Enquirer: 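Take this structure first; my questions come after.
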Amino acid sequence: MEKSKVYFTNMRASGNMNLLQKLERLVKKAGIGNIDFKGKYTAIKIHFGEPGNLAYLRPNYAKVIADVVKSQGGKVFLTDCNTLYVGRRKDALEHMDAAYENGYNPFTTGCQIIIGDGLKGTDETYIPVPNGECVKEAKIGRAVMDADILISLNHFKGHELTGFGGALKNIGMGSGSRAGKMEMHSDGKPRVRTKACVGCGACVKICAHDAPTITDKKATIDHEKCVGCGRCIGVCHFDAIAAAWDASNDVLNKKIAEYTWAVLHGRPHFHISLVIDVSPNCDCHAENDVPLIPDIGMFASFDPVALDMACADMANQAPVISGSYLAEQIKKQEKPAKDHFYAAHPETNWLSCVEHAEKIGIGTKAYELIEI
């Protein structure tokens, strides 16, 4: 397969060109102008950051991309889907409040925010994955799939389950509805936290399969009837229902790749990753830690597989920051991995996601790095 082009610029700036101007120059050099945006709905898939986390991408970067799209006649919006876990982004109202709190609003970004899977994470589209090994039908947020064009704007960082989070993670996991995230993260069915349950019956009303029942003011879920859609998680006002979280990391990575295929297949797409503030864990954490490595730079490509590979390669060439979580982990390990992400989270295997994405035709690991 022919090598994909990945464009790169470092984080140096001067009085003649600041970082936002460099980002605009990067994406234009990478060919974003070759996409026909005129009159097209364009989704910028981003992670708004869990409040309390300060490593997420600043909204200034999103405005650069939104302005580029608008200058070419595109109808652009920022989007993400609700979370499976209990936090500040589990429904559209809280999610938008969290985004605003972190600086994302129409005034700072120049475009609107639309939560991809609706108010309670149940507004979804079913996309067949004919070449899927783990997923036969991906459950994607409807607004994400309603867009004509998808751009991913990714904060590249470490991740406790997938090794790192880059383009594939942002697109695949991030675009899944609550049921989709349930499918990716879990091989099992939801469970009830009995102590938190008050027997309100919201789960009973939402279930189309009569799986939940209330006995003595406590819910139970019949896993023989349950299909694992996760709707009960979304409607529970007391956070008494939780996902199983029992998918192996390699299976999780393959599912993320297959969901990414479902999101991207059949429409134009473009991808930008910023390897900055490389925290050890996902931006879903309500905190961040000292970066693992120094800031590397900004990358752009039409190929999200090559993009993730280039980011990982350059991150692995960077020195470890003293006193970081990665430095501490390396000290504890008799034979630490040369790969920073394996060393930080030894139970993960990020390569399984990239390799599976290549196998099912999303892109290629082989790339040509072009420095701007």
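This chain uses plain numbering: 1 for the first residue, then up along the sequence. Keep in mind that what you see is a predicted model, and the values were worked out from it rather than measured.
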Enquirer: Can you check whether I32 reaches I151 side chain to side chain, under 4.5 Å on heavy atoms?
Expert: yes
Enquirer: Restricting to pairs with a member in residues 111-138, which pass salt bridge (charged side-chain N to carboxylate O under 4.0 Å, His left out), not counting sequence neighbours?
Expert: D123-R142, E124-R231, E133-K254, E133-K359
Enquirer: Under 3.5 Å, is there a donor on one side chain and an acceptor on the other for S352 and D250?
Expert: yes
Enquirer: Sequence neighbours excluded and cut-off under 3.5 Å, please list the side-chain donor-acceptor pairs for residues 200-212, or say none.
Expert:
none

Enquirer: My understanding is that only one of L57, I44, L23, N154 makes a side-chain contact (heavy atoms from CB on, under 4.5 Å) with I272; could you say which?
Expert: L23
Enquirer: Would you say the side-chain atoms of D239 pair up with the backbone N or O of V86, donor to acceptor, closer than 3.5 Å?
Expert: no
Enquirer: Could you tell me whether a side-chain N or O of K181 sits under 3.5 Å from a main-chain N or O of G176, the two making a donor and an acceptor?
Expert: yes
Enquirer: With a 3.5 Å cut-off and no angle check, do the side chains of H271 and S152 form a donor-acceptor pair?
Expert: yes
Enquirer: Can you check whether E347's main-chain N or O pairs, donor with acceptor, with H345's side chain at less than 3.5 Å?
Expert: no
Enquirer: For the rings on F164 and Y342, is their centre-to-centre separation under 6.0 Å?
Expert: no
Enquirer: Given H155, which of L274, V278, D277 fulfils the side-chain contact (heavy atoms from CB on, under 4.5 Å) condition?
Expert: D277
Enquirer: Among L150, I35, V69, which one satisfies side-chain contact (heavy atoms from CB on, under 4.5 Å) with T42?
Expert: V69
Enquirer: Tell me which pairs pass salt bridge (charged side-chain N to carboxylate O under 4.0 Å, His left out) where either residue lies in residues 31-52, with sequence neighbours left out.
Expert: D36-K40, K45-D80, E50-R89
Enquirer: Can you measure from NZ (K365) to NZ (K3) and round to the nearest 0.5 angstrom?
Expert: 13.0 Å
Enquirer: Please list, chain by chain and in numerical order, all residues satisfying side-chain contact (heavy atoms from CB on, under 4.5 Å) with T108, sequence neighbours excluded.
Expert: P59, N105
Enquirer: Scan residues 302-311 for pairs that pass side chain to side chain donor-acceptor pair (under 3.5 Å), counting only residues two or more places apart or in two chains.
Expert: S4-D303
Enquirer: Do the two ring centres, one from F48 and one from H95, sit under 6.0 Å apart?
Expert: yes
Enquirer: Under the 6.0 Å and 45° cation-pi test, does K75 pair with Y41?
Expert: yes
Enquirer: Are more than 12 heavy atoms from other residues, nucleotides or ligands located less than 6.0 Å from atom NZ of K70?
Expert: yes
Enquirer: Taking atom types as modelled and ignoring hydrogens, do the side chains of K22 and N10 form a donor-acceptor contact shorter than 3.5 angstrom?
Expert: yes
Enquirer: Tell me, which pairs form a salt bridge (charged side-chain N to carboxylate O under 4.0 Å, His left out) where one or both residues lie in residues 96-106, sequence neighbours left out?
Expert: R88-E101
Enquirer: Roughly how far apart are E258 CD and T260 OG1, rounded to 0.5 Å?
Expert: 9.5 Å
Enquirer: Going through the checks in order, is the salt bridge (Lys or Arg N to Asp or Glu O under 4.0 Å) test met by E183 and K255?
Expert: CA-CA 8 Å; E183 180 175 32; K255 289 178 178 178; over 6 Å; no
